[in-house]
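Below is one structure; the comments refer to it alone.
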Amino acid sequence: MTTYVIGRLLLMIPTLLGVAILTFVLMRVVPGDVVTLRYSQSGSVPQEVIDRERKLIGLDKPLQAQFVEWMGQVVRMDFGTSLWTDRPVTEEISTRLGITVELALLAALVASTLAVPLGVLAAVKQDTWVDYVIRVFAIGGIAFPSFWLGILMILALVVWFQWAPPLIFVPIWKDPIANLAQLIWPALAVGYRYSAVATRMTRSSVLEVLREDYVRTARAKGVSETLVVVRHALRNSLLPVITVISLEFAFLFGGLVVTEQVFNVNGLGKLLVDAVAHRDYPLVQAIVLIFSFVFVFVNFIVDMLYGILDPRIRFG
Amino acid sequence: MTAPVAAGIPRRRDVEDSAHKRYLEDRGWPRARRAIGTFIRRRPLGTAGAAVILVMVVAAVFADQLAPYGPQEGTFTGLPTEPSLQHFFGTDPFGRDVFSRLIYGSRTALLVGFTSSLVGSTLGLILGVMSAYFGGKVDEIIQRLMDVLISFPLIVLAIAIVAALGPGTEKVIVAITIPVIPRVARVTRASGLAIVQMPYIEAARSVGVQAPRIMRLHIAPNVFAPYLIMMTAFLGQAILLEATLSYLGLGVVEPDPAWGNMLRGQGMQFLDQAPWLAIAPGVAISLAVFGFNLFGDSLRDALDPRLRTA
Amino acid sequence: MIRRALIPCFMIGALVLAACAPSGPSTSSPAASAAGTAAATAAGEQPKPGGELTYIVTAEPPTFDAHQSTTFATLQPISPHYSTLYKLDPADNVSKIIPDAADGLPTISADKLTWTVKIRSGIKFHDGSVLTAEDVKATYDKLKNPPTGVTSPRQATLAAVDTFTATDPTTFTIKLKYPSGSLLAAMASPWNYLYSAAKLKADPKFYEKNIMGTGPFTFVEYVKGSYWAGKKFADYFDKPKPYLDSYKAFFITDVNRQTTAIQSKQAMIEFRGFTPQQRDTLSRALPNDLAVQEAAWVCVNYISFNTKKKPFDDVRVRQALNIAIDRWAGGEALSKQTIVKDVGGLMRPKGPFAMSDADLEKVPGYSRDNKKAVEDAKKLLADAGVPTLTFQFLNRNVTTPYEPVALFLLNEWKKIGVTATHLVKETAAYQADMRNGNFDVGLDFNCDYFDEPDLQLAKMYSASGLGKGLNFSFYDDPKLDDMIAAQSKETDAAKRKALVNDIERYVIGEKAWMVPVIWWYRIIPYLNIVRGYRIGSNHYTTMDMANIWLATK
C-alpha cells in the first residue's frame with residue numbers, strides 16, 4: 001500500500017514537468033512580449049529602452065537558460081516575479097487562489113446536491129416522463145455557453161430586483177452572507193453546468209446496480225423499493241459518482257476562466273487570462289502549474305478513495 | 001465493458017471468423033432497419049436528438065439553397081431591424097439577414113464540431129488502444145503525455161494556438177481538437193485493457209498475428225461503442241467551446257458566420273435593443289448541444305448491453 | 001506622445017502667454033454637448049461635501065508610476081492621489097490650462113529661454129512633508145533623464161529643456177535650449193505627477209509600487225483585480241476641495257458587467273466611454289437617475305498600409321483603398337452602434353485645427369459622391385495592375401470599435417472588387433505583427449489628451465526617423481518631415497492651421513500614406529447625482545476628482 005502511494009505520488013512529477021515544459025515553450029512561441037506590450041501605446045520608446053528592459057528581466061537569455069533558472073526557482077517554491085507588475089508571483093496568486101478554491105468547492109456542492117437525487121430518481125423511473133424531464137434538465141446544464149448563462153443570470157437579477165452580486169470579495173469567515181451574495185451566483189451557474197455529467201453518471205450507475213443479482217434477490221424477498229434503492233443501489237453506485245464529481249472538480253478548477261470574467265470574480269482564472277494577455281511568463285507558468293497540480297492531486301485522491309471505499313480493489 | 005465471450009481457446013481462424021461474422025451481421029440492412037425502428041420506439045429523446053442533428057446537417061449541406069440571402073449580403077444602415085416576413089429573425093446592424101447567417105453558421109458549427117471531435121476521438125482511440133495493447137513503457141509514456149494534456153488549461157492552449165498560428169476556423173478546430181484526445185484515450189484505454197486480457201487476443205498473439213492487425217481487427221471494434229459515444233458528446237461540446245472561445249475573442253472571426261461570434265458580438269451588444277440577435281444563435285447552440293447529447297446518451301444506452309431494459 | 005518640442009504657441013486662447021502670439025483662436029470651443037436628462041453641470045449649484053464616488057475602470061494599472069505609464073488604466077484610479085504643476089480646467093477639459101500646484105502661470109523671459117514657475121506655498125504631501133521646488137525639480141529631472149531601470153515614454157516632450165533648477169523653495173526655474181511653446185502643455189500633462197524628492201532619492205523606483213503625492217485623496221487600499229480605494233486628504237491645498245469623502249474605482253473588464261454595475265447603482269460612472277447601446281440600455285432602465293454627456297474624442301483609427309510590401313508601395317493602390325471608403329455614410333451608420341461618429345482628417349473634427357466640412361469634401365476619400373469615387377478607385381486599381389486585389393486586413397481582437405470599423409471597411413472595399421480577409425489577432429500578437437511589419441494592411445489607432453498637431457502628427461514622421469515605432473506604414477518622406485516641422489515652428493495660429501491642413505491633404509489625399517477612418521466619439525452615461533465632471537475631449541485629464549461632488553438627497 002505505502003509503496004503504491006509513493007509510486008503514485010512520484011508519477012505526478014513527470015506529468016508536472018511535462019506541463020511546465022509545455023507552458024514554457026507555448027508562451028514563448030506566441031508572438032509579443034511584455035516589454036513591447038507595456039509601451040504599446042507609446043511608440044516613442046526607443047529600441048534601446050526596450051532592449052534594456054528585456055535584459056533587465058532576463059528575456060534576452062537563451063531559452064534553455066531561462067528554463068533551467070525557472071525550474072531551479074520552482075523547486076525552491078519560488079515562482080519568481082511578475083513581469084507586468086513586478087511583484088512576487090506568490091503574492092499575486094495567494095489572494096486569488098482562495099477565491100477560486102471556494103468557488104470551485106461551492107460549485108461542486110451545487111453539482112452534487114443536484115446530481116445525486118436527480119440521478120437516482122431518473123434511474124428508478126427509467127423511461128418514464130420523470131426520467132425524460134430530468135435528463136433534459138441535466139443536459140440543459142451543458143447546453144448553454146457559460147458566458148451566456150452568466151450574463152443572463154446577472155441581467156435577470158438586475159432587471160427583477162435592481163440588484164447585482166457585490167463587486168468586492170469578503171472572506172467567508174468575515175461575513176458569510178456578503179461572501180455568498182457574491183459567489184453563489186457563479187457557483188450556481190458553474191454547478192448546474194457540472195451537474196449535467198454527474199447526474200447522468202448517477203443515473204447510469206444506479207441503473208447498473210439495480211440489475212445486479214443481489215438487488216433482484218432483495219426485491220424478491222419483498223424488501224420495500226425505497227429501501228432497495230437507498231440501501232443497495234445508492235450505496236453501491238456512489239463510487240463512480242464520487243469519481244465523476246471529483247474529476248469534474250479538477251476540470252472545473254481550470255474551467256472557471258470565463259465564469260470569473262463574466263461575474264467579475266477576482267479569481268485565478270481571471271488572473272490567468274490577464275497574465276496570458278500580458279505575456280507575463282512567470283505568472284502564467286505558475287498558474288498553469290497550480291491548475292495541473294490540483295488536477296493530478298485530485299486524481300490521486302480519487303484513486304486512494306477507491307481503495308478505501310471498494311474493498312475489491314487492492315493496491316499491488 | 002463486457003467483451004465477447006470466446007469459449008475455450010480459439011484457433012486463429014475461429015477468432016477471425018467470429019469477428020468477421022459479427023461484422024457482417026452488424027452491417028446487414030434489415031438488421032439496421034430493425035435497430036433503427038427499435039431505437040425510435042424505445043428512445044423518444046434520442047430520436048428527438050437525431051431529428052435536431054438531421055435538421056442541422058440538412059441546413060449545412062443545403063445552405064446555399066435554403067438561405068434566402070448570402071451570409072455577408074446586406075445594406076449597411078447601422079441598426080438592426082426587427083424580425084419580419086422578409087427577414088425571419090431580423091437583420092443585424094450590418095443589414096445581414098440573421099436567419100441566413102444562422103443557416104450558414106450551422107455549416108461552421110458542423111465543420112468545427114465534426115472535424116475536431118472526429119480527429120480528436122480517432123487520435124484518442126489510436127493512442128488508447130496502443131496504450132492498452134502494448135502496456136509497459138509505451139503505456140507509461142502515452143499515459144504521462146495524456147496526463148499533461150488533460151491537466152493543461154484549455155485557455156492557454158487556445159490562446160497559444162490562435163496567437164501562434166493566426167486566427168481562422170482551422171486554428172479554432174485545432175484548439176478544440178487537442179483537449180478531446182486525452183479524454184478519449186483514457187476511456188478507450190480502459191475498455192481496451194479489459195479486452196487485451198481476453199483469451200482470444202492472447203491466442204491471436206501466440207499464433208503470430210501482427211500487432212497492428214490485432215489492434216485494428218480485435219481491439220478497436222470492441223472499444224468502438226465508447227468511442228462513438230464520446231464522439232457524439234464532444235460534437236456538442238465543440239460547438240459550445242467555439243462559442244466560449246468567441247467570448248475570449250479567440251473564436252471564428254467576423255465576417256464568417258458562426259453562432260459563437262453572432263452571440264458574442266452583436267448579440268451581446270444589442271441584448272437590450274435587439275434581443276433576437278442573441279436569442280437566435282443562442283437557441284441554435286443550445287439546440288445543437290441538446291441534439292448531440294440526447295442522441296449520444298440514447299446511443300450509449302442502446303449500445304451498452306447492461307443498460308438495456310429487460 | 002509629444003515628439004517635437006518646438007511649438008512656439010499653444011492654442012490656449014483665453015490664456016495669453018508672454019511667448020504666445022497675440023492672435024490665438026478665441027476662447028476654447030469645448031465640443032461637449034450635454035445630452036440626456038438632468039444637466040449634470042448645472043450652473044450656480046453649490047457643491048455639497050461628503051459621500052463616496054464609485055466608478056468603473058475597464059483595465060488595471062500595470063504600474064503606479066504614471067511617469068512610466070502610457071495607459072488610462074494608471075491615470076483613472078491613481079490621479080486622485082497626485083497634483084501636477086498645471087492641469088486642464090475641469091469646467092472645460094478641452095484646451096484651457098490652469099495652475100494646479102503652480103501659483104499662477106509661468107513668467108517667461110524676453111529671450112523666451114527662461115521660464116519661472118512659482119510654486120503654491122503650503123502644499124503638503126500625504127506624509128505631512130511640504131512640497132517645495134526641490135520636489136518639482138526631482139520630478140522633472142526624473143521625467144527628462146530617467147535613472148537606470150526607469151523609463152520615461154514622454155521624455156521627448158521635454159527635449160527643449162536644458163536644466164531644471166530650484167531657485168528657492170517656491171521658485172522653479174527652467175532653462176531652455178531653444179524657445180518652446182509646448183512646455184506648458186507638458187507641465188499640464190496628466191501623466192506628470194509631482195513626486196517627493198526625498199522618496200525619489202531613496203529609491204528611484206519607489207513610485208512604481210507606492211503612492212505618496214499631494215493630491216486631494218490619500219491611498220487607502222488596492223485589491224488587485226478588484227478595486228482601488230482612496231479617502232479625502234484633510235490637508236489638501238485647494239480648500240474646500242475635495243468635496244468627496246472617499247472614492248472607489250472598480251476594475252471591470254466584461255462589457256455587460258460594466259453596464260449592469262451602473263444599472264444596479266454599484267458604480268456611478270465610467271470615464272472612458274460606453275457604446276450607444278450601453279447608453280440606451282441605461283437610459284431606459286434608469287429614466288430618472290441618468291445623465292449623459294457626449295463629445296468628440298481625440299482618438300481615431302488609422303489604416304496603415306505596409307508600404308514595404310507590394311502592391312501597397314504603389315500610391316494608386318493606397319489611393320483606391322482610401323477613396324473607396326464612404327466616410328460620411330459610414331460615420332452616420334457606425335455611430336448608431338459603436339463609439340465612432342465624426343468625419344475628419346488628421347485633427348479632431350470640430351477641434352481648433354479641423355478643416356471645415358466643405359474643405360474636407362475636396363480631399364480624396366471625403367467626397368460626398370461615393371458612386372464616382374468607387375469608379376475612380378476601380379480605375380486606379382486597374383491602372384496599378386491589380387483589378388482584383390486580395391489581401392489580409394490585420395486587426396486586434398477588441399470588439400469596440402475595432403470589429404465594426406473593420407467590417408465597415410471590408411464592405412467598402414468589396415465594392416471596388418477588393419477581397420480583404422479579416423485577420424484578427426490578440427492584442428500582443430497584433431502589436432508584434434504591426435511593429436515587425438508582418439502584415440499587408442492594418443487597423444491602427446491613436447489617442448491623445450490634447451488637440452495639438454505635434455501630438456496628432458507624431459505618427460506621420462518618417463518611419464526610419466522620428467516616426468520610428470509609431471509609423472506603421474513604414475514610409476520615409478523627408479518632404480513630409482519638413483512640413484510637420486514647419487507647422488510646429490509657425491507662431492501665427494491661422495497660418496499654422498493652414499499648414500496643418502496642407503499636411504492633411506498631402507498625407508491623406510496625395511500620398512495616402514496612412515489614412516484615418518472615422519473619429520471616435522465619447523459617450524458617458526452616469527448617475528446624475530455625480531456633479532462637477534465635464535466630458536471634454538479625452539479620458540486622461542481631470543481625473544484627480546477634486547471637483548467632483550455628489551448631489552445626494
Side-chain angles (χ1 to χ4, degrees), chain B residues 70-81 91-96 101 155-172 175 245-258 260-275 277-278, chain C residues 253-257 259-260 263 274-285 326 329-338 340-341 392-404 406-412 414-415 420-430 432-433 438-439:
Chain B
Q72 293 174 33
E73 170 190 337
T75 327
F76 177 39
T77 52
L79 280 181
T81 59
T91 63
D92 70 11
F94 282 86
R96 301 174 299 192
R101 283 180 72 74
I155 156 90
V156 178
L157 209 61
I159 292 181
I161 289 166
V162 175
L165 303 179
T169 315
E170 323 84 75
K171 281 78 170 193
V172 173
L245 288 179
S246 280
Y247 174 80
L248 297 167
L250 300 166
V252 174
V253 163
E254 280 268 16
D256 291 344
N261 67 28
M262 288 171 77
L263 177 61
R264 165 59 193 155
Q266 280 133 5
M268 290 290 116
Q269 281 181 51
F270 284 90
L271 207 49
D272 195 28
Q273 291 78 20
L277 291 182
Chain C
T253 43
D254 181 83
V255 176
N256 292 79
R257 191 68 187 91
T259 321
T260 49
Q263 196 172 341
F274 273 4
T275 62
Q277 296 88 278
Q278 287 176 291
R279 172 199 63 201
D280 294 347
T281 303
L282 288 172
S283 33
R284 199 158 71 176
D326 187 350
E332 163 108 31
L334 283 171
S335 70
K336 292 175 187 158
Q337 57 156 308
T338 191
V340 300
K341 185 175 188 183
Q392 293 200 311
F393 186 52
L394 178 65
N395 197 359
R396 60 197 287 205
N397 68 351
V398 176
T399 313
T400 305
Y402 297 87
E403 187 183 280
L407 287 185
F408 160 69
L409 291 173
L410 299 187
N411 242 341
E412 298 296 287
K414 207 192 279 170
K415 290 188 306 198
T421 318
H422 197 197
L423 188 70
V424 182
K425 294 201 175 179
E426 198 215 349
T427 301
Y430 155 90
D433 277 0
N438 182 24
F439 68 100

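These numbers come from a predicted model, not from an experiment. Note on naming: letters A, B, ... go to the chains in the order of the sequence lines (proteins, then strands), and numbering restarts at 1 for each one.
By number of non-hydrogen pairs under 4.5 angstrom with chain B, the leading residue of C:Thr421, C:Asn411, C:Asp254, C:Thr338 is C:Asp254. Across C:Lys336, C:Glu332, C:Arg396, the residue that shares the most heavy-atom pairs under 4.5 angstrom with chain B is C:Lys336.
Heavy atoms closer than 4.5 Å to chain B are found in the side chain of C:Asn256, but not in its backbone. For a residue to count as touching a neighbouring chain, one of its non-hydrogen atoms must lie under 4.5 Å from one of that chain's; by this rule C:Leu410 touches chain B with the side chain only. Residue C:Arg284 touches chain B through its side chain alone, counting heavy-atom pairs closer than 4.5 Å. Looking at B:Leu271, the atoms closer than 4.5 Å to chain C (heavy atoms on both sides) all sit in the side chain, from C-beta outward. The part of C:Glu403 that comes within reach of chain B is its side chain, from C-beta onward, which places non-hydrogen atoms under 4.5 angstrom from that chain. When heavy atoms are compared at a cutoff of 4.5 Å, C:Thr275 does not approach chain B at all.
Using modelled atom types and a 3.5 Å distance limit, the side chains of B:Gln269 and C:Gln277 yield a donor-acceptor pair.
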Check against side chain to side chain contact (heavy atoms under 4.5 Å, CB included), C:Thr281 and B:Gln273: CA-CA 7 Å; C:Thr281 303; B:Gln273 291 78 20; 3.1 Å; yes
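The line from CG of C:Asn397 to CD of B:Glu254 is 13.5 Å long, rounded to the nearest 0.5 Å. In this structure, C:Gln278 CD and B:Asp272 CG are separated by 11.0 Å, a value rounded to the nearest 0.5 Å.
Across all their heavy atoms, B:Pro93 and C:Gln337 have their closest contact at CB-NE2, 3.4 Å. Here the closest non-hydrogen pair linking B:Phe94 and C:Phe408 is CE2-N, 3.8 Å.
Two residues are said to be in side-chain contact when any heavy atoms from C-beta on lie closer than 4.5 Å; C:His422 and B:Pro255 meet this criterion. By the 4.5 Å heavy-atom criterion applied to side chains, C:Val255 and B:Met268 are not counted as neighbours.
For the side chain to side chain contact (heavy atoms under 4.5 Å, CB included) test with B:Phe76, the passing option among C:Leu407, C:Asp326, C:Leu334 is C:Leu334; the others fail.
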